[in-house]
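One structure is given below, encoded as structure tokens.
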Amino acid sequence: MNIEIKRVKIFVTIPLENVEEVREAICNEGAGIIGNYSYCTSSTKSIGTFKPNDNANPYIGKKNNLEFVEEEKLEVICDIKNVKKVITKLREVHPYEEPAIDIVPLIDEDFFN
């Protein structure tokens with residue numbers, strides 16, 4: 001079975017006040033295009049947790065303290081050719097020192113004949 005990956009889905013969690021800035025930035029780099037539509041994204045509100053260590057420079061919270069933050073999980077489809085520049089831009093505008101980014105390969109519908 002040989003599956004050609006043409007698109008991925010990118011997931012990232014973002015503090016509520018930064019969602020629109022990140023959405024705008026990654027869609028301007030080519031993410032979120034489905035057919036004749038652009039800026040196609042979906043988001044879900046969530047609670048993120050993290051505990052910065054002594055070497056961290058946290059955007060929110062304090063070192064060595066477990067933090068609970070209201071976030072949105074933004075998801076977007078991206079052509080494989082645009083992934084690197086989208087992720088580069090995402091890291092540039094995201095406020096977190098270490099954003100949680102998932103990149104999931106997608107199987108094209110045409111594969112399932």
Side-chain angles (χ1 to χ4, degrees):
M1 176 184 310
N2 188 16
I3 300 172
E4 181 182 2
I5 303 300
K6 298 177 184 176
R7 299 181 306 159
V8 300
K9 185 166 274 194
I10 300 169
F11 298 86
V12 62
T13 53
I14 310 162
L16 297 179
E17 65 269 13
N18 303 97
V19 173
E20 293 312 315
E21 177 185 9
V22 173
R23 182 189 329 268
E24 182 78 18
I26 65 175
C27 287
N28 281 341
E29 291 297 324
I33 297 172
I34 301 175
N36 294 323
Y37 296 84
S38 60
Y39 285 75
C40 300
T41 68
S42 180
S43 61
T44 307
K45 292 195 189 291
S46 64
I47 303 293
T49 64
F50 55 90
K51 186 176 183 179
N53 67 25
D54 286 332
N55 297 318
N57 183 21
Y59 173 72
I60 296 172
K62 299 176 185 170
K63 294 180 181 185
N64 299 305
N65 191 48
L66 182 60
E67 302 293 338
F68 294 80
V69 179
E70 285 188 80
E71 297 175 319
E72 281 194 34
K73 181 185 286 186
L74 183 65
E75 58 184 272
V76 62
I77 289 178
C78 186
D79 285 345
I80 202 83
K81 68 181 191 282
N82 294 329
V83 172
K84 186 64 177 172
K85 70 179 182 174
V86 166
I87 296 299
T88 299
K89 179 56 85 171
L90 190 160
R91 288 186 181 282
E92 181 183 305
V93 300
H94 199 292
Y96 289 170
E97 184 176 25
E98 299 288 346
I101 302 168
D102 296 327
I103 303 170
V104 179
L106 299 176
I107 300 173
D108 195 286
E109 290 177 48
D110 295 340
F111 175 79
F112 302 98
N113 291 334

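At most 12 heavy atoms of other shown residues, nucleotides or ligands fall within 6.0 angstrom of atom CD in E109.
In this structure, the side chains of Y39 and N28 come closer than 4.5 Å at one or more pairs of heavy atoms. The shortest side-chain heavy-atom distance between D79 and K6 does not fall under the 4.5 Å cut-off. E75 places none of its side-chain heavy atoms less than 4.5 Å from the side chain of I10.
Heavy atoms only, all atoms of each residue included: L106 and I5 are closest at O-CD1, 3.6 Å. In terms of heavy atoms, V76 sits closest to G32 at CG2-N, 3.1 Å. E71 and I47 get closest at one heavy-atom pair: OE1-C, 4.5 Å. Of all non-hydrogen atoms in E97 and P58, the two that sit nearest each other are OE1-N, 4.3 Å.
Side chain of H94 to backbone of N18: no donor-acceptor contact under 3.5 angstrom is found.
Atom CZ in R23 sits 6.5 Å away from atom CD in E72 (nearest 0.5 Å). Atom OG1 in T44 sits 9.0 Å away from atom CZ in F11 (nearest 0.5 Å). The structure places NZ of K73 at 11.5 Å from OG of S43, a figure rounded to the nearest 0.5 Å. The CD1 atom of I26 lies 7.5 Å from the OG1 atom of T41; values are rounded to the nearest 0.5 Å. Rounded to the nearest 0.5 angstrom, I107 CD1 and I3 CD1 are separated by 4.0 Å. Between the CD atom of E4 and the CG atom of D108 there is a distance of 9.0 Å, given to the nearest 0.5 Å.
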Practice prompt. Go through E24 and V93 one step at a time and tell me if the side chain to side chain contact (heavy atoms under 4.5 Å, CB included) criterion holds.
Written response: CA-CA 10 Å; E24 182 78 18; V93 300; over 6 Å; no

Practice prompt. Take V69 and Y96 through the test side chain to side chain contact (heavy atoms under 4.5 Å, CB included) and record every step on the way to the result.
Written response: CA-CA 12 Å; V69 179; Y96 289 170; 3.7 Å; yes

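Tracing side-chain contacts under 4.5 Å through hydrophobic residues (I, L, V, M, F, W, Y), one never reaches I77 starting from V86; they form parts of separate clusters. Note on L16: it does not cluster hydrophobically with V22, by side-chain heavy-atom contacts below 4.5 Å among ILVMFWY residues. In the hydrophobic clustering of this structure, Y59 does not group with L90; members are Ile, Leu, Val, Met, Phe, Trp, Tyr whose side-chain heavy atoms approach within less than 4.5 Å, directly or through other members. Cluster annotation: I34 and F111 are assigned to distinct hydrophobic clusters (Ile/Leu/Val/Met/Phe/Trp/Tyr, side-chain heavy-atom contacts under 4.5 Å, transitive).
Each of E67, K62, K63 was evaluated against N65; a single residue qualifies, E67, per the side chain to side chain donor-acceptor pair (under 3.5 Å) test. No option in N82, V8, I103 other than I103 meets the side chain to side chain contact (heavy atoms under 4.5 Å, CB included) test with I87.
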